[in-house]
Number of protein chains: 2
Amino acid sequence: MTDRPDLAAMIGALGRTLVAAERPVLRDHGLSMWAYVVLLHLDDRPIRTQAALADAVGADKTRIIAVLDDLAERGLIDRQPDPADRRARLLSITEAGRRTRDACQAAIQRQEEEWLLARLTPAQRRSFLGMLQNLYRDLEPPA
Amino acid sequence: MTDRPDLAAMIGALGRTLVAAERPVLRDHGLSMWAYVVLLHLDDRPIRTQAALADAVGADKTRIIAVLDDLAERGLIDRQPDPADRRARLLSITEAGRRTRDACQAAIQRQEEEWLLARLTPAQRRSFLGMLQNLYRDLEPPA
DNA sequence: TATTGTTATACTCTATAACTATA
DNA sequence: TATAGTTATAGAGTATAACAATA
């Protein structure tokens with residue numbers, strides 16, 4: 001038997017700690033975790049239905065409705081009925097949404113650099129980030 | 001701005017996936033996640049109060065009571081009132097508990113090797129595990 | 001009065017089911 | 001009838017508060 005904690009224990013604890021550390025930063029920018037995830041995902045490209053967005057970010061379709069209501073009301077996203085099929089809602093991020101997202105993500109990644117990555121040497125850091133991005137990219141969709 | 005997903009997003013998703021993959025293995029061994037965590041922690045050394053154990057594993061003291069009831073009933077842990085202070089319960093793992101824990105952890109780590117670590121070269125694998133254990137060891141207690 | 005363990009209650013998050021409107 | 005979105009309801013997991021036993 002290998003003499004190490006389970007990967008799930010180590011990576012799980014690390015992930016929970018990172019997410020917990022993210023919360024105050026999100027709050028400072030007036031975003032919930034789901035709102036942030038939505039802004040990050042919409043930035044890639046507009047999306048045609050709320051159900052597709054929910055699926056893409058691993059949420060239930062009923063769960064993001066209040067999130068979208070709030071983001072739209074604050075002008076961070078644009079939500080318009082599709083003229084071709086008025087059941088669907090065309091979703092896209094606004095310029096204000098992009099600014100909020102950028103500021104928030106910059107603060108989050110700055111904190112991650114200082115709090116976690118600073119413990120690694122530059123070479124370790126490159127190696128760690130590289131492996132992490134490879135493993136992350138190949139993950140099955142939800143979780 | 002660095003061009004990568006947030007560490008919290010990558011490590012968080014990886015952690016959730018690993019924990020989800022662990023669940024069926026735990027179920028096959030008749031253990032809940034909390035029961036497994038308790039067995040892992042008790043193996044290090046006996047502990048004198050349930051509150052201390054709960055604190056050590058990052059749980060609320062009220063949350064592990066049912067877990068301990070079940071483990072004791074199945075003979076996987078031993079729970080005795082402390083003769084010196086009958087309010088406290090002396091907790092320790094039994095030989096049967098150790099066997100269950102070993103079998104379960106072996107299955108979990110085998111799956112982790114095959115499912116995740118197999119994607120890395122031997123050198124990457126050593127490097128990844130080393131950095132992970134260093135980062136994990138220095139984590140603030142709960143999460 | 002303080003502490004350990006327990007039980008009862010409430011709260012948060014999430015998923016399921018039922019409803020409205022468009023097609 | 002089928003689909004997108006919404007609302008209402010119920011369930012799991014967790015934390016908070018009240019309680020009983022012991023010190």
Side-chain angles (χ1 to χ4, degrees), chain A residues 8 12-13 15-17 19-20 22-24 26-27 31-38 41-42 46-73 77-92 141-143, chain B residues 8 12-13 15-17 19-20 22-24 26-27 31-38 41-42 46-73 77-92 141-143:
Chain A
R16 284 190 297 276
T17 304
V19 168
E22 203 171 281
R23 279 184 205 288
L26 287 169
R27 198 174 34 70
L31 294 176
S32 68
M33 185 64 75
W34 282 118
Y36 180 57
V37 170
V38 163
H41 190 84
L42 274 184
I47 206 162
R48 211 187 66 86
T49 73
Q50 296 182 181
L53 173 62
D55 191 62
V57 301
D60 191 274
K61 68 172 180 172
T62 65
R63 214 159 68 198
I64 61 167
I65 291 178
V67 175
L68 297 178
D69 287 348
D70 179 62
L71 286 173
E73 198 172 310
I77 65 168
D78 190 69
R79 176 168 59 167
Q80 299 291 338
D82 181 347
D85 179 349
R86 293 183 30 238
R87 293 173 303 183
R89 305 273 178 275
L90 301 173
L91 301 166
S92 57
Chain B
R16 282 189 298 277
T17 304
V19 168
E22 203 171 280
R23 279 184 205 289
L26 288 169
R27 198 172 36 68
L31 294 176
S32 69
M33 185 64 75
W34 282 118
Y36 181 56
V37 170
V38 163
H41 190 83
L42 274 184
I47 207 163
R48 212 187 65 87
T49 72
Q50 297 183 182
L53 173 62
D55 191 61
V57 301
D60 192 274
K61 67 171 181 172
T62 64
R63 214 160 67 199
I64 61 166
I65 291 178
V67 176
L68 297 178
D69 287 348
D70 179 61
L71 286 174
E73 199 171 310
I77 65 168
D78 191 68
R79 177 168 58 165
Q80 299 291 338
D82 181 348
D85 179 348
R86 293 181 32 237
R87 292 174 302 183
R89 305 271 177 277
L90 301 174
L91 301 166
S92 58

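Just so it is clear: chains get the letters A, B, ... in the order the sequence lines come, proteins before strands, and each one is counted from 1. We use all heavy atoms of the structure for the numbers below, so side chains are in, but hydrogens, waters and symmetry mates are not.
Here OG of Ser92(A) is found 14.0 Å from CZ of Arg48(A). Values are rounded to the nearest 0.5 Å.
The CZ-C1' distance, from Arg23(B) to dG13(D), rounds to 11 Å in whole Å. dT3(D) atom P lies 15 Å from atom CG of Asp55(A), rounded to whole Å. Look at CD on Gln80(A): it is 19 Å from P on dA4(D), rounded to the nearest Å.
The shortest side-chain heavy-atom distance between Leu68(B) and Arg89(B) does not fall under the 4.5 Å cut-off. Proximity of Val37(A) to Val67(A): side-chain heavy atoms (C-beta onward) are nowhere separated by under 4.5 Å.
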For this session: For the pair Leu71(A) and Leu42(A), evaluate side-chain contact (heavy atoms from CB on, under 4.5 Å) and give the outcome as yes or no after the intermediate values.
Result: CA-CA 12 Å; Leu71(A) 286 173; Leu42(A) 274 184; over 6 Å; no
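Applying the side-chain hydrogen bond (donor to acceptor under 3.5 Å, both in side chains) criterion to Arg86(A), with sequence neighbours excluded, gives no partner residue. Considering only residues two or more places apart in sequence or on other chains, Arg27(B) meets the side-chain hydrogen bond (donor to acceptor under 3.5 Å, both in side chains) condition with none of them. Residues passing the side-chain hydrogen bond (donor to acceptor under 3.5 Å, both in side chains) test with Asp55(B): none are found, sequence neighbours excluded. Every residue meeting the side-chain hydrogen bond (donor to acceptor under 3.5 Å, both in side chains) condition with Arg79(B), not counting sequence neighbours, appears here in chain and number order: Gln50(B), Asp69(B).
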Seminar exercise, completed: Letter by letter from the 5' end, nucleotides 1-12 of chain C scores (B base, S sugar-phosphate only, - none; protein heavy atoms under 4.0 Å) -BBSBBB-----
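Taking every heavy atom of residues 31-38 of chain B and every atom of DNA chain D, pairs under 4.0 Å involve Trp34(B), by number.
Nucleotides of DNA chain C nearest to Ala84(A) and Asp60(A) differ in position, and the one nearer the 5' end is that of Asp60(A).
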